[in-house]
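The structure appears right after this line, and notes come after that.
To find a chain, count down the sequence lines: A is the first, B the second, and so on, and within it residues start at 1.
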Amino acid sequence: MTAGTQATVARLLEDLTGPQREAVQHTDGPLLILAGPGSGKTRVVTRRAAHLACTVATPEQVLAVAFTNKAAREMQQRIDHLGVGRGMTACTFHAFCARLLRLYQARAGLPPGFTIIDQDDRRKLLRKAVEGCELSLANFPPASVEPAISKAKNELLSAERFADRDLDWQDRTVARIYLCYEKLLRAMAALDFDDLLMRAAVLLRDDEQVRAELEDRFRYVLVDEYQDTNAAQYTVGRLLTRQRRNLCATGDPDQSIYGWRGANLENILTFERDYPEARVVRLEQNYRSTRRILAAADSLIAGNLRRKAKTLWTENVEGPAVRIVEVETGEDEADGLARGIAERIREGTGADRIAVFYRTNALSRAVEEALMREGIRYQVARGVEFYNRKEIRDILAYLRVLVNPADEIALLRVINTPPRGIGPTTVQRLVDLATAERRSLLELIGDGEAVRTLGRSAGRVTAFCEVLHGLRPALEMPAPQALQFVLSQSGLYALYVAEPSGEEAPRANLDELISAASVFQRDRPHASVLDWLEYAALVSDVDSVRTDAGMVTLMTLHAAKGLEFDAVFIIGVEEGLLPFRRNDEDGFDEEEERRLCFVGMTRARRWLTLSRARYRVIRGVTERTVRSPFLNELTTAGVEWTEQPARESSTRQPAAGGRLPADIAEWTIGTVVRHPRHGMGQVLALERVARHTHVRVRFEDGATRAWALEFAELQRVDFDELD
DNA sequence: AATATTCCCGTTTTT
DNA sequence: CGGGAATATT
């Protein structure tokens with residue numbers, strides 16, 4: 001070891017605690033790092049990667065796999081920052097598998113230029129598959145078949161093998177749909193997200209040579225967020241490290257929040273059984289949160305049974321109380337939140353150090369409005385929404401057709417976008433003809449003779465074909481130029497940008513897409529349009545969240561994993577919302593919901609507020625809510641409950657001797673009420689009489705009384721006030 | 001064929 | 001409430 005290397009190694013081990021240092025210095029053999037929130041895991045992982053790269057391996061031999069693009073990018077940046085380890089691979093599982101499959105495309109039995117389709121396209125295809133099986137879409141909604149097929153793929157069950165098993169009628173039907181769906185995928189040379197993992201896993205499993213090559217290339221493999229791996233990912237990790245067994249898994253069972261996507265908590269819980277010789281390092285000291293926040297989070301997660309017991313501790317200060325705020329309505333909640341944030345900012349916390357988390361994206365709206373009213377700048381992490389915009393999908397579809405002529409979904413999308421007079425009838429005739437002659441649509445469109453049979457529309461189809469042909473040069477261009485070129489030559493520019501009466505948004509979105517492509521191309525100068533498409537298929541909007549932009553960040557609890565903020569507000573902590581419950585749902589997992597809440601809470605460094613509204617507008621209807629059981633589980637002393645008064649509102653009249661509802665929606669049949677003289681009762685009916693609403697109540701004494709709503713001396717009694 | 005309208009659906013989280 | 005698909009209209 002040279003003196004320079006020695007100095008570097010010393011620097012990598014600087015300011016680490018005992019367990020951290022142990023993990024960083026571990027080189028050969030399996031390693032499990034059980035890392036609690038805020039325990040410096042990323043630091044350990046990146047230092048370890050760098051340490052490997054300057055002691056026992058070259059950077060090229062180290063592979064770090066993360067779960068999200070955001071995590072992968074952060075890892076890459078921090079490794080780069082350490083100055084050693086440039087040339088290391090850090091990417092998501094899906095990206096890694098996609099790259100693998102491109103590299104060994106022929107050996108994997110895949111067509112060149114295969115398309116990666118997203119959930120939307122997958123739904124469309126699934127729909128087609130259901131129809132192809134002559135089943136009713138009502139009985140087999142694609143959205144309900146999807147999880148079954150996804151699960152099968154996660155378990156490396158091909159359609160054939162799936163169909164081979166002993167199945168009940170329901171599953172046999174799913175098997176038929178699965179087979180048909182696979183046929184459609186093959187026909188359009190496409191893979192869905194699950195295929196990427198499955199095909200890569202199968203390739204590694206069945207192709208000795210490929211595996212040997214990869215094992216030789218990647219000698220040290222690091223899998224972050226191991227608790228979120230599904231069976232296919234688990235297999236990839238295992239197969240990649242079969243000879244050397246240099247698999248380092250890091251994670252925290254208490255932060256497993258992707259069970260709904262097939263993640264198997266068992267993978268991390270049984271790591272020690274899979275790798276009996278594994279070294280296990282526990283990182284339990286928290287450097288992030290105050291004692292009170294940590295204690296509250298710990299008291300919550302203690303309610304879970306399926307976990308590895310762990311003792312979180314910190315030397316940090318006790319800090320301000322964790323606040324639980326209960327308010328009347330979702331609007332009150334948002335208002336109070338905005339005021340709370342404004343106060344934080346006034347007291348000196350930077351806006352970019354503040355975040356609002358919620359269970360579902362739908363909750364962001366009220367918050368956005370309130371923040372706008374307060375004049376607070378914010379950014380919303382919107383998942384895949386950006387890539388679902390019509391204009392974005394349109395332009396990507398053009399590129400897809402160019403790259404993969406078999407991509408029929410993309411072709412059908414662009415054939416009449418912008419409108420060029422090729423209507424459903426013509427399209428149907430083309431599709432039928434293609435099916436009958438067993439030719440691809442694109443081929444057919446380029447066949448003058450076949451097109452001529454279309455009669456009047458023939459000219460338009462030919463014109464479209466020429467447009468496509470004219471777009472071909474885009475394939476040779478850098479991504480941003482290719483996008484520009486397609487935009488102008490396809491007619492999309494005229495449709496979305498030049499259109500004087502058009503909206504602003506499409507233009508801005510297209511601009512954003514092009515600048516994203518520029519950034520991509522700048523970082524990867526040799527990347528092709530195909531690479532860009534692959535990248536675009538595997539990213540989400542969450543990946544572009546900046547934490548240095550002077551803005552408050554709004555995001556889902558899922559997107560919050562791996563981040564930290566000085567002040568965190570979690571809203572909508574209500575039964576059914578957090579924990580989230582669907583009426584019929586079988587897959588409900590309360591422990592996972594609890595972990596989700598735990599993840600959110602442990603993002604906070606100093607201030608943590610959880611709030612809940614008694615009434616919330618859900619799908620346009622005001623509904624009563626019930627306090628989340630999770631709030632009741634925060635039993636530590638450092639938690640402070642607050643009742644926030646309803647905001648002043650012109651619609652809310654002061655009640656005579658009681659609290660009057662803001663509107664009738666607050667009073668539903670069955671609402672429990674208290675009357676100053678008659679005692680407790682329950683609302684029997686609400687009826688409109690002339691310009692008044694009458695409320696009819698049955699009291700404990702058995703009597704039924706009725707008043708006009710504005711004169712009733714009734715006070716609503718909330719569930720949680722009853723004991 | 002394109003646009004306007006209605007209606008009906010479902011309704012989480014992300015690669 | 002809001003998006004998408006089916007239906008009506010121009």
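The nearest heavy atom of DNA chain B to A:Ile422 and to A:Phe93 marks one nucleotide each, and the one closer to the 5' end goes with A:Ile422.
Here the C1' atom of nucleotide B:dT14 and the CG atom of A:Asn388 are 11 Å apart, to the nearest Å. Distance CZ (A:Arg581) to P (B:dT13): 18 Å, rounded to an integer number of Å. The NZ atom of A:Lys124 sits 8 Å away from the P atom of C:dA5 (whole-angstrom rounding). Per the geometry, CG belonging to A:Asp228 stands 12 Å off P belonging to B:dT14, to the nearest Å. Following rounding to the nearest Å, A:Asp120 (CG) and B:dT15 (C1') show an atom-to-atom distance of 14 Å. Remark: C1' of B:dT13 and CD of A:Gln255 are 16 Å apart, rounded to the nearest angstrom. Taking atom CD of A:Glu593 as the reference point, atom P of B:dT13 lies 11 Å away to the nearest angstrom. Whole-Å rounding puts the A:Met198 CE to B:dT15 P distance at 22 Å.
The base of B:dT13 is paired with the side chain of A:Arg359 by a donor and an acceptor separated by under 3.5 Å. Applying the 3.5 Å distance criterion, the base of B:dT12 shares no donor-acceptor pair with the side chain of A:Trp260.
Here A:Phe580 counts as stacked on B:dT12: its ring centre is under 5.5 angstrom from the base ring centre and the planes meet at under 30°. Where stacking is scored as ring centres under 5.5 Å apart with planes under 30°, A:Tyr258 does not register as stacked on the base of B:dT14.
Donor-acceptor pairing under 3.5 Å is recorded for the side chains of A:Glu333 and A:Ser611. In summary, the side chains of A:Asn361 and A:Ser364 do not present any donor paired with an acceptor at a separation below 3.5 Å, with no hydrogens or angles considered.
Across all their heavy atoms, A:Tyr226 and A:Asn267 have their closest contact at CE2-O, 3.3 Å.
Between A:Arg365 and the phosphate of C:dG2, there is a side-chain N or O to OP1/OP2 separation shorter than 4.0 Å. Remark: A:Thr426 is in phosphate contact with B:dA1, judged by side-chain N or O atoms under 4.0 Å from OP1 or OP2. Applying the 4.0 Å criterion to OP1 and OP2 of B:dT14, one finds that A:Thr556 has a side-chain N or O inside that range. Contact between the side-chain N/O atoms of A:Asn230 and the OP1/OP2 oxygens of B:dT15 is not found at any separation under 4.0 Å.
Ranking B:dA2, B:dT12, B:dT15 by closeness to the A:Thr360 side chain, first place goes to B:dT12. Distances were taken from every side-chain heavy atom of A:Thr425 (C-beta onward) to each of B:dA1, B:dT15, B:dT13; the shortest belongs to B:dA1. For A:His558, taking side-chain heavy atoms from C-beta onward, the closest of the listed nucleotides B:dT15, B:dA2, B:dT13 is B:dT13. Candidate nucleotides B:dA2, C:dA6, B:dT14 were compared by shortest atom distance to the side chain of A:Arg127, and C:dA6 ranks first.
Seen from the ring of A:Tyr258, A:Arg261 counts as a face-on cation partner, given the 6.0 Å and 45° thresholds.
Ion pairing between a basic and an acidic side chain is recognised when a charged N comes within 4.0 Å of a carboxylate O; A:Arg307 and A:Glu591 show no such pairing. Ionic pairing of A:Glu266 and A:Arg306 is present here: one or more N-O contacts between side-chain nitrogen and carboxylate oxygen are shorter than 4.0 angstrom.
No contact: A:Arg122 has no heavy atom under 4.0 Å from any strand. Using a 4.0 Å heavy-atom cutoff across all strands shown, A:Asp118 reaches no nucleic acid atom at all. A:Asn361 comes within 4.0 angstrom of sugar-phosphate atoms only, judged by non-hydrogen atoms across all strands, and of no base.
The C1' atoms of C:dA5 and B:dT12 are separated by 23 Å, rounded to the nearest whole Å.
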